[in-house]
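Report on the following structure.
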Amino acid sequence: MVMNGESLKETSMPDNMKRWVELRTPDQHADGTWSCRYVIFEFESTRWRCNRGRPEGSFESREEAQAAALKQAQRLIDSCEPTS
(Lines give C-alpha, C1' and ligand atoms only; values in the text may rest on other atoms or scores of the structure.)
Protein backbone atom coordinates (compact mmCIF):
# COMPACT_ATOMS: atom_id res chain seq x y z
CA MET A 1 0.00 0.00 0.00
CA VAL A 2 1.23 3.52 -0.73
CA MET A 3 0.11 6.58 1.23
CA ASN A 4 1.28 10.15 0.74
CA GLY A 5 3.84 8.90 -1.80
CA GLU A 6 5.77 6.91 0.80
CA SER A 7 6.46 3.18 0.86
CA LEU A 8 4.03 1.32 3.08
CA LYS A 9 3.03 -2.25 3.67
CA GLU A 10 -0.43 -3.68 4.15
CA THR A 11 -0.80 -7.28 5.20
CA SER A 12 -3.86 -9.42 5.68
CA MET A 13 -3.85 -10.88 9.14
CA PRO A 14 -5.79 -13.67 10.81
CA ASP A 15 -9.25 -12.79 12.14
CA ASN A 16 -9.69 -9.88 9.75
CA MET A 17 -6.77 -7.91 11.19
CA LYS A 18 -4.92 -5.40 9.00
CA ARG A 19 -1.64 -3.58 9.62
CA TRP A 20 0.12 -0.86 7.71
CA VAL A 21 2.86 1.71 8.18
CA GLU A 22 2.73 5.43 7.58
CA LEU A 23 6.00 7.34 7.42
CA ARG A 24 5.84 10.85 8.83
CA THR A 25 7.62 13.81 7.25
CA PRO A 26 11.35 13.45 8.00
CA ASP A 27 12.95 15.99 10.33
CA GLN A 28 16.22 17.72 9.50
CA HIS A 29 18.39 18.53 12.54
CA ALA A 30 20.62 21.58 13.06
CA ASP A 31 23.70 19.51 12.14
CA GLY A 32 22.16 18.61 8.75
CA THR A 33 21.30 15.00 9.63
CA TRP A 34 17.82 13.50 9.34
CA SER A 35 15.41 11.34 11.32
CA CYS A 36 12.00 9.95 10.43
CA ARG A 37 9.08 8.78 12.56
CA TYR A 38 6.63 6.05 11.65
CA VAL A 39 3.20 4.93 12.82
CA ILE A 40 2.00 1.34 12.58
CA PHE A 41 -1.79 1.21 12.34
CA GLU A 42 -3.60 -2.01 13.21
CA PHE A 43 -7.25 -2.85 12.86
CA GLU A 44 -8.54 -5.74 14.92
CA SER A 45 -12.15 -6.71 14.15
CA THR A 46 -13.65 -3.97 16.39
CA ARG A 47 -10.94 -1.40 17.14
CA TRP A 48 -7.94 0.53 15.85
CA ARG A 49 -4.54 0.63 17.51
CA CYS A 50 -1.40 2.49 16.58
CA ASN A 51 2.24 2.20 17.58
CA ARG A 52 4.67 5.05 17.01
CA GLY A 53 8.42 4.95 16.76
CA ARG A 54 11.61 6.33 15.32
CA PRO A 55 14.87 4.50 14.59
CA GLU A 56 17.77 5.43 16.85
CA GLY A 57 20.43 7.72 15.52
CA SER A 58 20.40 10.20 12.68
CA PHE A 59 21.03 9.76 8.99
CA GLU A 60 22.92 11.62 6.27
CA SER A 61 19.92 11.95 3.96
CA ARG A 62 16.17 12.17 4.07
CA GLU A 63 15.95 8.94 2.04
CA GLU A 64 18.21 7.03 4.46
CA ALA A 65 16.07 8.20 7.39
CA GLN A 66 12.87 7.06 5.64
CA ALA A 67 14.39 3.69 4.72
CA ALA A 68 15.54 3.12 8.32
CA ALA A 69 12.09 4.01 9.68
CA LEU A 70 10.37 1.66 7.24
CA LYS A 71 12.84 -1.13 8.03
CA GLN A 72 12.31 -0.81 11.79
CA ALA A 73 8.53 -0.71 11.41
CA GLN A 74 8.63 -3.76 9.13
CA ARG A 75 10.70 -5.67 11.71
CA LEU A 76 8.05 -4.92 14.34
CA ILE A 77 5.25 -6.04 12.02
CA ASP A 78 7.11 -9.24 11.09
CA SER A 79 7.71 -10.05 14.76
CA CYS A 80 3.93 -9.96 15.35
CA GLU A 81 2.98 -12.24 12.47
CA PRO A 82 2.20 -15.85 13.30
CA THR A 83 4.79 -18.45 12.34
CA SER A 84 3.80 -21.41 10.19
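Because the structure is predicted, anything quoted here is derived from the model rather than measured.
The existence of a salt bridge linking Arg24 and Glu22 is confirmed by a sub-4.0 Å separation between a basic side-chain nitrogen and an acidic carboxylate oxygen.
Atoms CD and CD, on Gln72 and Glu56 in that order, are 7.5 Å from each other to the nearest 0.5 Å. Rounding to the nearest 0.5 Å gives a distance of 10.0 Å between NZ of Lys18 and CH2 of Trp48. To the nearest 0.5 Å, atoms OG (Ser35) and CZ (Arg62) are separated by 11.5 Å. With rounding to the nearest 0.5 Å, the separation of CG in Asp78 from NZ in Lys71 is 12.0 Å.
Between Glu60 and Thr33, the shortest heavy-atom contact is OE2-CG2, 4.3 Å.
Counting heavy atoms from C-beta outward, Ile40 and Arg49 have side chains that stay 4.5 Å or more apart. Side-chain contact check for Glu42 versus Cys50: every heavy-atom pair is 4.5 Å or farther apart. Side-chain contact between Cys36 and Arg54: absent, with no pair of heavy atoms (C-beta onward) separated by less than 4.5 Å. Considering only heavy atoms from C-beta on, Val39 stays 4.5 Å or farther from Val21 through its side chain.
Connection of Tyr38 to Trp34 is not established within any shared hydrophobic cluster, with ILVMFWY side chains joined at heavy-atom distances below 4.5 Å, either directly or through further cluster members.
In this structure a side-chain-to-backbone donor-acceptor pair under 3.5 Å is missing from Gln74 to Leu70.
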